[in-house]
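Below: one structure, written as structure tokens.
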Amino acid sequence: GTWAYEVNELSPGCLLVASPDTFRFAGPRQVLDQSVILLVRHGKSGSSGFIINRPTQFDVGDVTKKLAAFEQNPLYLGGDIGEGVYMIHGIPGLRNATEVSDGIYYGGSEHAMSLVQDGKAKPEDFRFFFKYAAWAPGQLEGEMESGCWCAVRSSLDLVLKPRTYPGLHFAKAHKVFWHQVLQTLGGRFQNVSRDTIIKEETERMKMEEWVAILQDGGNTSVLNHEGIEMGAMAMSTVTSQLTQADLEVDLTRQRAAAT
């Protein structure tokens, strides 16, 4: 069955489960928000891994033609570093593959294609990621001490068997899997999951309230009307800045075309 438990030490093969809000407004690192990362390398030279719960709207064949046997495989966003396509799987003995931990391997795509073409493996036995997550020496340890991550050992199915959520937009799927991992961990993690759901639902309701008031400027039934007006002003400022930036880009293009 599916299982997971918290561990105290970082090592390849463990999962890093992001705390609820650490990376929510983290700029380029916002991709790590409510992420679950398979750690594939950890040592004195730094750490790296793949986000396993961020599906994209693309397949492998949309970004590379070098993996013909896997062109229909779903492509996941593995992090914010690099530009390559990377593969993990649970098949031992593949040439040029590296064992991450018991039952989890990284690489060996050419041999994997041969196995699929010979009918000895199925395309769905392999998972693919665009980009990866990485940390400088000591950085991940510092983030662990700050409470950014929880290190977890889990059953192989959580890592190697992608979850699908029919009807759910791909951009929301990472949240569902993140909650499933917390629920599998149980105990205080179930409380974190529950509290996060309540908080996000409250925020969603507030946003709907904002939209209603912005659509009806005469509505004074909301107690925090002044705060909503300030929010509207901030939104207007951002919009004007974006419009000005677009205008500057257009002007630059026109100047270049004229020379």
Side-chain angles (χ1 to χ4, degrees), residues 1-24 30-42 47-56 73-79 86-91 99-106 124-129 132-133 135 140-141 143-202 204:
T2 300
W3 51 264
Y5 61 88
E6 185 178 9
V7 294
N8 295 323
E9 293 186 2
L10 293 168
S11 60
C14 75
L15 297 179
L16 302 175
V17 183
S19 59
D21 295 320
T22 298
F23 302 102
R24 191 175 181 186
Q30 192 170 350
V31 68
L32 303 179
D33 180 45
Q34 293 187 2
S35 62
V36 180
I37 296 180
L38 170 66
L39 192 64
V40 298
R41 183 181 64 87
H42 179 68
S47 311
S48 60
F50 303 111
I51 303 172
I52 64 172
N53 64 322
R54 275 205 178 269
T56 71
N73 278 54
L75 187 65
Y76 284 72
L77 182 59
Y86 306 91
M87 180 184 81
I88 66 169
H89 54 90
I91 299 178
E99 185 176 24
V100 176
S101 62
D102 289 344
I104 302 175
Y105 304 87
Y106 159 66
E124 54 266 33
D125 293 333
F126 304 87
R127 295 192 65 179
F128 293 86
F129 304 89
Y132 61 94
W135 295 263
L140 181 55
E141 289 88 343
E143 292 181 3
M144 290 287 295
E145 291 177 3
S146 299
C148 300
W149 304 97
C150 171
V152 170
R153 281 287 172 184
S154 74
S155 52
L156 293 178
D157 64 295
L158 276 180
V159 178
L160 300 175
K161 301 295 182 184
R163 266 49 174 182
T164 57
Y165 309 102
L168 182 68
H169 192 276
F170 73 91
K172 297 181 179 179
H174 72 286
K175 290 180 174 289
V176 179
F177 184 82
W178 181 82
H179 282 288
Q180 288 179 336
V181 172
L182 293 181
Q183 293 292 330
T184 301
L185 285 164
R188 64 183 179 89
F189 297 101
Q190 286 183 317
N191 295 334
V192 171
S193 174
R194 181 202 61 211
D195 293 345
T196 302
I197 290 172
I198 293 172
K199 179 181 178 181
E200 291 184 349
E201 178 63 15
T202 301
R204 185 190 64 79

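- The closest side-chain heavy-atom distance from Glu99 to Tyr105 is below 4.5 Å.
- Exactly one of Ile198, Leu182, Leu185, Val181 qualifies for a side-chain contact (heavy atoms from CB on, under 4.5 Å) with Ser193. That residue is Leu182.
- Nearest approach of Leu39 to Ser47, heavy atoms of both residues: CD1-CB, 4.0 Å.
- Expressed to the nearest 0.5 Å, how far NE2 of His179 lies from OG1 of Thr196 amounts to 5.5 Å.
- Remark: the backbone N or O of Ala18 is paired with a side-chain donor or acceptor of Trp178 at under 3.5 angstrom.
- For the pair Leu158 and Val152, the minimum side-chain heavy-atom distance is 4.5 Å or more.
- Interatomic distance, CZ of Arg127 versus CD1 of Ile52, reported as 5.5 Å (0.5 Å rounding).
- Within a 6.0 Å radius of CD in Glu201, other residues, nucleotides and ligands contribute more than 12 heavy atoms.
- Contact between Phe126 and His89 at its shortest, heavy atoms only, is CD2-CB, 3.4 Å.
- The backbone N or O of Gly13 lies less than 3.5 Å from no partner atom in the side chain of Asp102, so there is not a single donor-acceptor pair.
- With sequence neighbours left out, the salt bridge (Lys or Arg N to Asp or Glu O under 4.0 Å) criterion links Asp195 to no other residue.
- If you take NE2 on His174 and CZ on Arg54, they are separated by 4.0 Å, rounding to the nearest 0.5 Å.
- Panel note: side chain Gln30, backbone Phe23; no donor-acceptor pair is recorded below 3.5 Å.
- For the atom pair Met144 CE and Cys150 SG, the distance stands at 6.5 Å (nearest 0.5 Å).
- Ring planes of Trp3 and Tyr5: parallel class, angle under 30° (limits at 30 and 60°).
- Centroid-to-centroid, the aromatic rings of Phe50 and Tyr86 come within less than 6.0 Å.
- At least one side-chain heavy atom of Leu10 sits under 4.5 Å from a side-chain heavy atom of Leu16.
- Remark: Arg194 pairs with no residue by the salt bridge (Lys or Arg N to Asp or Glu O under 4.0 Å) rule, at least two apart or across chains.
- Residues passing the side chain to side chain donor-acceptor pair (under 3.5 Å) test with Ser11, sequence neighbours excluded: Arg153.
- By the 4.5 Å heavy-atom criterion applied to side chains, Tyr165 and Pro55 are not counted as neighbours.
- Within the 4.5 Å cutoff, side-chain heavy atoms of Asp157 are placed close to those of Arg163.
- Rounding to the nearest 0.5 Å places CG of Leu32 at 5.0 Å from CD1 of Ile51.
- The nearest pair of heavy atoms linking Thr184 to Ala4 is CG2-N, 3.7 Å.
- Thr2 has its side chain out of reach of Gln180: every pair of non-hydrogen atoms, C-beta onward, lies at least 4.5 Å apart.
- Using cut-offs of 30° and 60° on the angle between ring planes, the pair Trp135 and Trp149 is perpendicular.
- Panel note: side chain Asn73, backbone Phe128; no donor-acceptor pair is recorded below 3.5 Å.
- For the pair Leu38/Leu15, a side-chain contact is recorded, criterion being any heavy-atom separation below 4.5 Å from C-beta on.
- The shortest heavy-atom contact between Val100 and Pro12 is O-CB, 3.4 Å.
- In this structure, the separation between CG on Asp21 and CD on Glu200 is 7.5 Å, given to the nearest 0.5 Å.
- Minimum interatomic distance between Tyr132 and Ser48 (heavy atoms only, all atoms of both residues): CD1-CB, 4.3 Å.
- Residues Pro162 and Phe177 fail the side-chain proximity criterion, which asks for heavy atoms closer than 4.5 Å.
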